[in-house]
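Here's the structure we're looking at; comments come further down.
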There are 2 protein chains.
Amino acid sequence: MVTITDRRMELLTAAGTLFSRWGYHGTTVRDLAKELDVQGGSLYAHIAAKEDLLWEIVDRVAARFQEGADAIGESLGPRERLEALMTAHLETVAAELHFATVFFNEWQCLSEKRRARIAQRRDEYEAMFRRTIDQGVRQGIFKVESPKFAAIYVLSVLNWSYQWFKPTASLPIEGVAKQFVALTLRALGAQAKNT
Amino acid sequence: MVTITDRRMELLTAAGTLFSRWGYHGTTVRDLAKELDVQGGSLYAHIAAKEDLLWEIVDRVAARFQEGADAIGESLGPRERLEALMTAHLETVAAELHFATVFFNEWQCLSEKRRARIAQRRDEYEAMFRRTIDQGVRQGIFKVESPKFAAIYVLSVLNWSYQWFKPTASLPIEGVAKQFVALTLRALGAQAKNT
DNA sequence: CCTACCGATCGGTAGG
DNA sequence: CCTACCGATCGGTAGG
């Protein structure tokens with residue numbers, strides 16, 4: 001368990017903002033320092049290396065995705081479970097928009113070892129979607145030619161969301177999620193409940 | 001009309017490969033030179049600035065997308081037209097995988113002016129999808145709650161494709177396109193032709 | 001958290 | 001296309 005001080009959280013937030021806009025390599029340690037109104041070298045009172053900031057962000061988002069999925073549990077049927085998985089995913093992206101952007105765009109900048117860890121967690125996470133779809137197909141709830149491509153299809157819709165979610169947008173995330181879920185259920189050949 | 005010499009095309013290809021993997025800022029001019037087995041400074045016999053390479057790649061992909069859409073023409077009905085738009089888009093991504101990756105991931109690294117030009121072309125391109133969906137809804141071919149979100153939904157599926165297309169994969173792109181098109185038509189409430 | 005500094009490397013150029 | 005170099009800036013550190 002790592003204790004995160006207020007100042008360190010400010011630093012993470014600044015890193016999320018700048019990394020999401022300029023990229024990891026396009027942001028300098030001095031850029032980050034300026035956001036906090038301190039001198040460049042002063043950041044190293046809080047971190048050991050620039051890459052640690054990227055890792056902390058990516059790790060945090062990976063954990064949030066996992067927690068969102070874990071909270072759903074195993075009691076739901078395939079359709080309700082997929083609905084919940086999609087909604088949780090979109091809510092995490094919306095709640096952590098900058099961090100999520102960094103997660104998807106910059107994770108490849110991590111060191112070999114850290115990159116491998118993220119890749120594995122992502123595989124496991126995506127496998128949950130795949131299993132849910134497989135199960136739905138076996139139960140005759142979903143009707144698709146290839147569950148594998150159907151899973152990629154669903155994850156595409158979810159993973160692209162950070163590209164167009166606007167922090168300022170007045171549109172409530174719940175509304176977006178509902179529509180995307182409804183479209184996806186139809187795509188998978190399931191009838192949406194309230195249609 | 002810019003004449004592209006063989007050597008310059010090699011340079012563009014190298015830039016596509018390295019930018020897509022390490023990002024624009026994560027790739028140095030020396031990295032590019034090493035790919036061509038020349039000294040760092042020698043690249044400047046071919047280019048005026050590093051950013052020109054990024055611009056050429058992004059511009060090229062934007063043109064390909066536009067050409068693919070223009071070739072479809074206006075004679076098709078909304079469903080067939082959307083099918084053709086989606087297929088053309090996926091084929092362009094597959095044919096220009098590295099360049100397309102750079103297009104989607106690194107275009108924000110461009111200078112203000114160039115970025116604005118790309119943003120506008122992209123808006124126009126996406127508006128074509130939106131119009132096609134609108135038209136389909138008006139004709140009763142598509143049934144969606146919000147044509148606007150439906151368009152974002154469709155573009156999400158298309159734009160994420162560079163993330164999982166594998167150059168080595170034996171799976172033919174046509175098969176993938178067909179399945180994605182079929183899933184999307186169902187999502188929009190249209191019956192796929194051969195189902 | 002600051003001052004002052006480190007070696008390394010960056011994109012780019014001059015002259016051949 | 002090479003050699004040799006430019007000023008600027010990079011991530012990071014020492015000592016306070």
Side-chain angles (χ1 to χ4, degrees), chain A residues 2-59 102 105-115, chain B residues 2-59 102 105-115:
Chain A
V2 180
T3 306
I4 297 189
T5 61
D6 286 0
R7 199 61 174 155
R8 196 187 173 90
M9 194 58 219
E10 286 182 59
L11 182 49
L12 270 185
T13 303
T17 306
L18 295 186
F19 289 175
S20 67
R21 173 60 187 86
W22 304 106
Y24 174 69
H25 285 121
T27 305
T28 71
V29 170
R30 263 74 183 173
D31 294 333
L32 291 167
K34 193 183 285 181
E35 284 281 301
L36 298 199
D37 276 315
V38 298
Q39 296 300 312
S42 303
L43 288 192
Y44 290 88
H46 301 284
I47 58 168
K50 182 190 176 190
E51 203 216 289
D52 292 351
L53 288 171
L54 178 59
W55 168 250
E56 233 166 290
I57 290 172
V58 170
D59 182 55
V102 174
N105 271 343
E106 309 297 329
W107 72 283
Q108 294 218 74
C109 296
L110 288 169
S111 69
E112 175 80 46
K113 268 190 188 170
R114 287 170 160 174
R115 208 176 338 118
Chain B
V2 180
T3 305
I4 297 188
T5 62
D6 286 359
R7 199 62 175 154
R8 196 187 173 90
M9 193 58 219
E10 287 183 60
L11 182 48
L12 271 184
T13 304
T17 306
L18 296 185
F19 289 176
S20 67
R21 174 59 187 87
W22 304 106
Y24 174 69
H25 285 121
T27 304
T28 71
V29 170
R30 264 74 183 172
D31 293 334
L32 291 167
K34 193 182 286 179
E35 284 280 301
L36 298 200
D37 276 316
V38 296
Q39 294 301 312
S42 303
L43 288 193
Y44 290 88
H46 302 284
I47 57 169
K50 182 190 177 190
E51 202 217 289
D52 291 351
L53 288 172
L54 178 59
W55 168 249
E56 234 166 288
I57 290 172
V58 170
D59 183 55
V102 175
N105 271 343
E106 308 298 328
W107 72 283
Q108 294 219 77
C109 296
L110 287 168
S111 68
E112 176 80 47
K113 270 189 187 171
R114 287 170 160 174
R115 208 176 337 118

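Order of the sequence lines sets the chain letters (A, B, ...), proteins ahead of strands, with each chain counted from 1.
Rounded to a whole Å, the CZ atom of R7(B) is 14 Å from the C1' atom of dC2(D). A straight line from CG of D52(B) to P of dG11(C) spans 14 Å, rounded to a whole angstrom. Between the CZ atom of F19(A) and the C1' atom of dG11(D) there is a distance of 12 Å, given to the nearest Å. Rounded to a whole Å, the CG atom of L43(A) is 13 Å from the P atom of dT13(D). The CG atom of D31(B) sits 14 Å away from the P atom of dG12(C) (whole-angstrom rounding). In this structure, the OH atom of Y44(B) is 15 Å from the P atom of dC2(D), given to the nearest Å. Straight-line distance from the CD atom of Q39(A) to the P atom of dG16(D): 19 Å, rounded to whole Å. Separating the CG atom of L32(B) from the P atom of dG12(C) is a distance of 11 Å, rounded to the nearest angstrom.
Looking at R7(A) and L36(A), their side chains come closer than 4.5 Å, going by heavy atoms from C-beta outward. Here the side chains of T28(B) and W22(B) are not in contact, with every heavy-atom distance at 4.5 Å or above. Side chains of T27(A) and R21(A) form no contact here, defined as non-hydrogen atoms less than 4.5 Å apart.
The residue H25(B) sits apart from the nucleic acid: no heavy atom pair falls under 4.0 Å. Within 4.0 Å (heavy atoms only), G41(A) reaches at least one base atom of the nucleic acid.
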From CA spacing to verdict: side-chain contact (heavy atoms from CB on, under 4.5 Å), Y44(A), V29(A): CA-CA 9 Å; Y44(A) 290 88; V29(A) 170; 3.5 Å; yes

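With a cut-off of 3.5 Å on both Watson-Crick or G-U wobble distances, the partner of dG11(D) is given as dC6(C). Pair assignment for dG16(C) gives dC1(D), based on Watson-Crick or G-U wobble hydrogen-bonding distances that are each under 3.5 Å.
For R30(A), taking side-chain heavy atoms from C-beta onward, the closest of the listed nucleotides dC5(C), dC2(C), dG12(C) is dC5(C). The nucleotide whose nearest atom lies closest to any side-chain atom of V38(A) is, among dG11(D), dC1(C), dG12(C), dC1(C). Considering only side-chain atoms of A45(B), the nucleotide from dC1(D), dG11(C), dG12(D) that sits closest is dC1(D).
Closest non-hydrogen pair, H25(B) versus G26(A), comes out as ND1-CA, 3.5 Å.
The 5' end of DNA chain C is approached more closely, in terms of each residue's nearest nucleotide, by S42(A) than by the other of T28(B) and S42(A). Taking the nucleotide of DNA chain D with the nearest heavy atom to each of D37(B) and T27(A), the more 5' of the two is matched to D37(B).
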